[in-house]
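See below for the structure under consideration.
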Amino acid sequence: MRSRSRDMWWGTAIEAPDPGALAVFYARLLGWEVVQMAEDQAIVTPPQPGVYMVFQRAEDWTAPVWPPVPGAQRPMMHLDFEVGDLEEAVGEAISFGATLAEDQPQERVRVMFDPAGHPFCLCLDGD
């Protein structure tokens, strides 16, 4: 977009039944900071400026099903995070409240679910 400059912020908004709990989960997982905490919204930011993740309350939340199943709520998007040690990262994510998906389609990727049920991937980058 021509109207955007490098100094402008960008981010993503993620719906959840408990936005504060999910913000704390991702802040711990990524080593980021919770910068706003309210009943219906929480915001997490990384050390670099201009980026954020906002978590918004969804009263009628339905967790997506992965892998997708016809007729069920499918994931609309997911987050990918590169890690240096896949099994260590999985263990750490689980200790923060994530769960490991039963279906793991790639050797160097682990599909996880955050506490609200959103899928995310831990990725061991190769050559």
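These figures come from a predicted structure and were not determined experimentally.
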Practice problem: Please work out whether the ring planes of Tyr26 and Phe120 are parallel, tilted or perpendicular, with thresholds of 30° and 60°. | Solution: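 Because their plane-to-plane angle is over 60°, the rings of Tyr26 and Phe120 count as perpendicular.
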
Within 6.0 angstrom of [X] [atom1], more than 12 heavy atoms from elsewhere:
X      : atom1 : result
Gln104 : CD    : yes
Met8   : CE    : yes
Gln36  : CD    : yes

Is there a side-chain contact between [X] and [Y], using heavy atoms and a 4.5 Å cut-off?
X      : Y      : value
Leu122 : Val90  : yes
Gln73  : Pro64  : yes
Met77  : Leu79  : yes
Gln41  : Pro19  : no
Pro67  : Val111 : no

N/O donor-acceptor pair under 3.5 Å between [X] side chain and [Y] backbone:
X      : Y      : result
Arg108 : Leu124 : yes
Trp61  : Ala116 : yes
His118 : Glu15  : yes

Practice problem: Output, in order, the C-alpha distance, side-chain angles, deciding distance and verdict of side chain to side chain contact (heavy atoms under 4.5 Å, CB included) for Val83 and Arg110. | Solution: CA-CA 10 Å; Val83 298; Arg110 293 295 176 271; over 6 Å; no

Self-check item: Reported CD1-to-CZ distance for the pair Ile94 and Phe113, which is rounded to 0.5 angstrom
Solution: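 Here the interatomic distance stands at 12.0 Å.
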
Quiz prompt | Separation between CD of Glu102 and CH2 of Trp66, rounded to the nearest 0.5 Å | solution =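 Between atom CD of Glu102 and atom CH2 of Trp66 there are 10.5 Å.
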
Practice problem: Please say which of Val54, Leu22, Val44 ends up in a side chain to side chain contact (heavy atoms under 4.5 Å, CB included) with Ile14. | Solution: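 Going through the options one by one, the only one that passes is Leu22.
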
Practice problem: Test Tyr52 against Trp9 for ring-ring contact (aromatic ring centres under 6.0 Å, His included), laying out the working first. | Solution: CA-CA 8 Å; Tyr52 71 88; Trp9 56 263; 5.2 Å; yes

Self-check item: Heavy-atom closest contact (Asp114 atom, Phe25 atom, distance)
Solution: CB-CE2, 3.6 Å

Quiz item: Given the rule that I, L, V, M, F, W and Y join up when any side-chain heavy atoms are under 4.5 Å apart, are Leu30 and Met112 in one cluster?
Solution: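 Yes, because Leu30 and Met112 connect within a single hydrophobic cluster, where side-chain heavy atoms sit under 4.5 Å apart.
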
